[in-house]
Amino acid sequence: MPDVTAHDPPDVTCTIDVEGMTCAACSGRIQRQLEKTPGVSEANVNLMTNSATVTFDPTATAPEGLLKVIHDVGYGATLPAPDRGMEEAVTAQDEARAAELTTLGRKVLVSLVVAALAMAASMPLAEVTPGGHLDPLMRFMMPLTDLMRSVVPGLDTVSADAWRWSLLLMTTPIVFWAGRHFYTRAWAAFTHHGADMNTLVAVGTGAAFLFSLAMTVAPGWFESHGVPPMVYYEAVVWIIALVLLGNWLEARAKRATSGAIRRLIGLRPDTARVLREGVETDRPIDQVRVGDEILVRPGERVPVDGTVVEGSSTVDESMLTGEPLPVAKAMGDDVTGGTMNRSGAFRFRAVRVGRDMVLSRIVQLVQEAQGSKAPIQRLADRISAVFVPIVLSLAVLTFVLWVDFGPSPAGLRGLVAAVTVLIIACPCAMGLAVPTAVMVSTGRGAEMGVLIKGGEPLQRLRDVDTVVLDKTGTITEGNPRVTEVEVLAGDLSENEFLALVAGVEARSEHPLAEAVVAAAGDRGLSLPSIASFDSVAGRGVRGEVGGRQVLVGTVAFLEGEGVEMSALRERGLALADLGRTPVYVSVDGHPAGLLGISDPPRATSRQAVAALSALGLEVLMLTGDLRRTAEAMAREVGITRVEAEVLPAAKLEVIEALQAEGRVVAMVGDGINDAPALAAADVGIAIGGGTDVAVEAADVTLLGSDLTGVVRAIALARHTMRTMRQNLFWAFLYNTAGIPIAAGILYPTFGILLTPTMAAAAMALSSVTVVGNSLRLRHSTSSLPAPESGR
Amino acid sequence: MTPSQVIATGTGAILIGAIQWWFFLAGRRSGGVRAATRDGVQEVAITVAGGYSPDPVVVEAGRPVRLNFHRTDTDPCSEEVVLGDFSVRRFLPTDEVTPVEFTPEHPGRFVYTCGMGMLRGTIEVIPAHSAGQSGGSA
């Protein structure tokens with residue numbers, strides 16, 4: 001991860017929960033007291049959130065001292081427990097799921113056994129019932145029935161009545177124990193004028209059970225009215241067993257959809273080795289305070305975020321950034337909680353703990369993304385809102401149509417068809433189609449260092465056809481260096497020349513100026529003192545150094561000042577063709593020389609551009625740099641279209657112009673200078689966000705600092721949308737084809753009729769298929785042109 | 001048509017009508033419960049048991065909202081609540097109160113659901129501060 005601005009000594013920020021504030025006067029009073037406290041550089045008290053955010057020098061005060069300040073003003077103050085809430089929620093959910101799985105598993109097992117027995121018992125019953133028929137699935141039970149016949153002699157002589165009563169005896173516990181929750185939940189929903197999957201199962205099995213019960217109690221009455229006394233106990237048990245089995249499989253699969261969050265939370269160690277007043281103690285992670293010094297040994301995880309104060313090491317950050325290579329860390333470098341220390345030992349000062357940590361914010365961001373909606377879900381939402389009542393109505397209609405037009409025994413066949421309609425309908429598949437895909441995919445993204453803000457950006461990302469890459473810091477590393485120093489013949493040596501330029505640039509805040517000053521520093525040059533300084537934005541600077549008038553800037557700037565540029569211009573263009581940014585210098589009104597400043601592309605940029613092109617995307621480079629310099633860079637990384645010499649404010653216009661052409665544009669930038677362009681693009685991708693994971697203007701934040709993250713993000717989005725479409729297609733097709741077939745639409749022509757048991761099997765399979773398909777997104781890197789070294 | 005067919009058809013028609021009425025018409029809620037404001041936060045307690053009550057919940061735009069979900073059932077269907085418009089997906093442990101906080105920026109009707117989209121509740125966001133109240137709140 002790239003470093004954040006280095007403070008020296010580093011100030012740290014902590015959040016304090018404040019109790020008892022009632023008005024703006026309270027918060028103002030606390031804020032003033034905090035601001036007066038030695039070591040505090042900034043304090044912000046928020047009445048709305050009942051919290052104070054304080055930035056302070058950890059060597060001057062400590063969070064405990066700040067608590068005391070607030071207590072002394074008369075308010076309650078506590079340090080918030082580090083995101084334990086988040087972990088507890090996940091643990092509670094895991095425990096609930098585990099308990100649910102155990103209960104469900106037991107019910108599934110018992111009801112499957114009873115279902116097999118019931119089916120075996122129904123066979124001889126069907127044979128002895130006049131007009132009885134066999135469920136085609138029942139044929140699988142033939143061997144079992146034959147076995148029963150051989151074990152129990154005289155089985156064939158058992159009366160139909162006795163079979164019915166024994167089936168009732170088997171079925172009742174299944175209905176009232178294993179299937180109980182279907183009825184109670186359906187009733188609860190019914191009283192809220194709502195209906196769900198439980199309603200369908202409850203009405204379907206309830207109708208079949210009550211009807212069979214009536215047949216068992218009074219078979220004679222039905223026979224005298226021309227209805228053969230058929231019972232459907234085995235269907236009731238099978239439906240309950242299969243739906244429970246489906247629920248069980250679904251619960252297991254659903255647990256896996258939030259696996260990424262669980263793994264991320266698991267990255268943080270439980271304890272940290274804290275050094276306080278020279279004493280080294282292992283402390284639980286939630287007792288680590290901002291400003292603490294912490295020791296990390298080889299092979300240990302970094303417990304919180306901070307800055308290295310002693311020692312050096314390499315740290316594996318792949319779990320957060322997706323970057324496979326370990327990163328070297330030495331004094332002054334930032335380390336991130338959850339990453340793995342490899343070779344050396346180091347000591348660092350805690351800068352962010354608990355919920356302020358990068359890792360916690362990543363988890364929070366992923367949780368938010370997982371709760372968000374994808375626009376594609378709207379249709380499914382609208383349908384599932386009316387789905388169950390419509391299916392209930394269709395079931396009634398099915399019964400009526402069979403009674404009116406069906407062959408005898410029409411009522412019986414109508415009832416079975418109606419139950420089949422209720423059971424085959426699967427609202428769950430529709431409800432799960434999109435959210436499970438969003439959950440798995442945003443979690444998978446986070447594991448690859450790609451934070452996608454939610455379902456909507458995910459969907460827009462899929463439609464992107466143009467990727468605009470900012471040059472500095474995006475295609476390049478963003479660390480410009482002076483690579484050429486050329487002095488025109490004159491009285492200055494190369495070092496004297498560089499020292500003069502650096503003397504002026506020392507006052508400038510331009511990134512290129514830093515490179516010049518650094519180059520002078522590298523050569524051990526001492527900078528001459530500066531008498532006057534003036535800067536012309538975007539063009540150059542002017543200063544009087546060591547008694548000489550020095551101009552540093554573009555050709556136009558120097559020409560405007562009356563400098564004869566023909567000698568320098570040629571050499572500048574040659575440098576630009578090498579991809580350098582030329583910086584021209586005049587001394588006392590005469591051309592003096594120029595510097596070539598190079599900001600080399602990241603090692604992976606070329607590969608990433610090729611991968612983006614392979615995905616069918618048009619890649620553009622956007623930069624404020626010289627056209628020649630930009631084009632040389634573009635050639636190096638394989639980009640053909642370049643928008644150069646674009647002033648920062650005009651970047652937005654370039655994006656808007658592309659959109660006006662009808663393109664869907666993703667803008668990739670560092671999120672700070674490009675914020676307006678990121679916000680204007682259809683998808684804003686912030687790169688190398690590093691410690692600042694929640695870049696406001698960005699829809700996607702790449703934690704790693706190279707462009708392969710863009711490739712991963714777009715490929716993941718495409719894969720996700722494909723998965724959602726498959727899921728929705730399957731769910732709709734399943735329901736729109738399944739329900740009419742269950743109702744008997746194929747019966748008049750083909751004689752095909754489903755049985756309730758078949759419907760239950762299909763329904764269970766349907767929702768499991770959808771969740772299973774979404775889970776395939778967990779392995780969504782394999783097809784990606786990722787960096788050569790895998791993770 | 002035999003008399004039994006007439007009876008079956010007639011009963012069926014009435015039943016279908018009753019289903020439409022119960023689920024689509026009788027279920028349409030009017031009014032709704034207005035959130036009470038405490039310490040600048042609009043708070044409502046919502047019971048989760050096969051549905052969400054009270055429903056709908058009425059809050060003002062632009063001010064923080066805290067919905068305290070109290071889940072009393074054990075149905076895995078209701079174990080999660082999803083406020084898609086506010087990017088919230090939260091697990092609700094049974095017999096516990098789980099607060100969900102967000103700030104609605106714009107007025108409108110926002111539907112929230114269970115994890116599978118079967119149970120639904122509505123949040124009605126009305127424009128901030130109706131007339132009669134001048135600014136100058138804390």
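Quick note: numbers below take in every heavy atom, side chains included, and nothing from hydrogens, waters or symmetry partners. A quick note: this is a predicted structure, and the numbers were derived from the prediction, not measured.
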Spacing of OG belonging to B:Ser87 relative to NZ belonging to A:Lys453, to within rounding of 0.5 Å: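 NZ of A:Lys453 is found 10.0 Å from OG of B:Ser87.
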Value rounded to 0.5 Å, distance of NE2 in A:His193 from CG in B:Asp55: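 Rounded to the nearest 0.5 Å, the NE2-CG separation comes to 11.0 Å.
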Residue selection (most heavy-atom pairs with chain A, distance under 4.5 Å) from B:Leu92, B:Val88, B:Thr94: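 Option with the top pair count is B:Val88.
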Option that, when pairs with chain A are counted at under 4.5 Å, heavy atom only, ranks first among B:Ala18, B:Ser53, B:Gly51: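 That would be B:Gly51.
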By a 4.5 Å heavy-atom criterion (distance strictly below it), what part of [X] contacts chain A: side chain, backbone, both, or neither?
{"X": "B:Glu96", "result": "neither"}
{"X": "B:Glu101", "result": "neither"}
{"X": "B:Val82", "result": "side chain"}
{"X": "B:Val81", "result": "neither"}

Verdict with supporting geometry, B:Phe23 and A:Val388, side-chain contact (heavy atoms from CB on, under 4.5 Å): CA-CA 9 Å; B:Phe23 291 108; A:Val388 176; over 6 Å; no
Minimum-distance pair of heavy atoms, taken over all atoms of A:Pro435 and B:Arg89: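 Nearest pair, atom of A:Pro435 first, then B:Arg89: CB-NH2, 3.4 Å.
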Nearest heavy-atom neighbours spanning A:Pro389 and B:Ile19: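 It is O-CG2, 3.6 Å.
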Using non-hydrogen atoms and a 4.5 Å limit, figure out which bit of [X] sits close to chain B: side chain, backbone, both or neither.
{"X": "A:Leu394", "value": "neither"}
{"X": "A:Glu100", "value": "side chain"}
{"X": "A:Met439", "value": "side chain"}
{"X": "A:Asn247", "value": "neither"}

Residue among A:Leu432, A:Asp404, A:Val403, A:Val396 with most heavy-atom pairs under 4.5 Å to chain B: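 When all of A:Leu432, A:Asp404, A:Val403, A:Val396 are compared, A:Asp404 has the most.
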Which of A:Glu368, A:Glu95, A:His181 touches chain B most, by non-hydrogen pairs under 4.5 Å: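 The option with the most such pairs is A:Glu368.
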Residues, nucleotides or ligands: over 12 heavy atoms within 6.0 Å of A:Arg252 CZ: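 12 or below, so no.
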Heavy-atom check, side chain of A:Asp196 versus side chain of B:Leu119, under 4.5 Å: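 In short, these two side chains touch, coming nearer than 4.5 Å.
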Whether A:Phe190 and B:Trp22 hold their rings parallel, tilted or perpendicular, with breakpoints at 30° and 60°: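 Parallel: the ring planes of A:Phe190 and B:Trp22 meet at under 30°.
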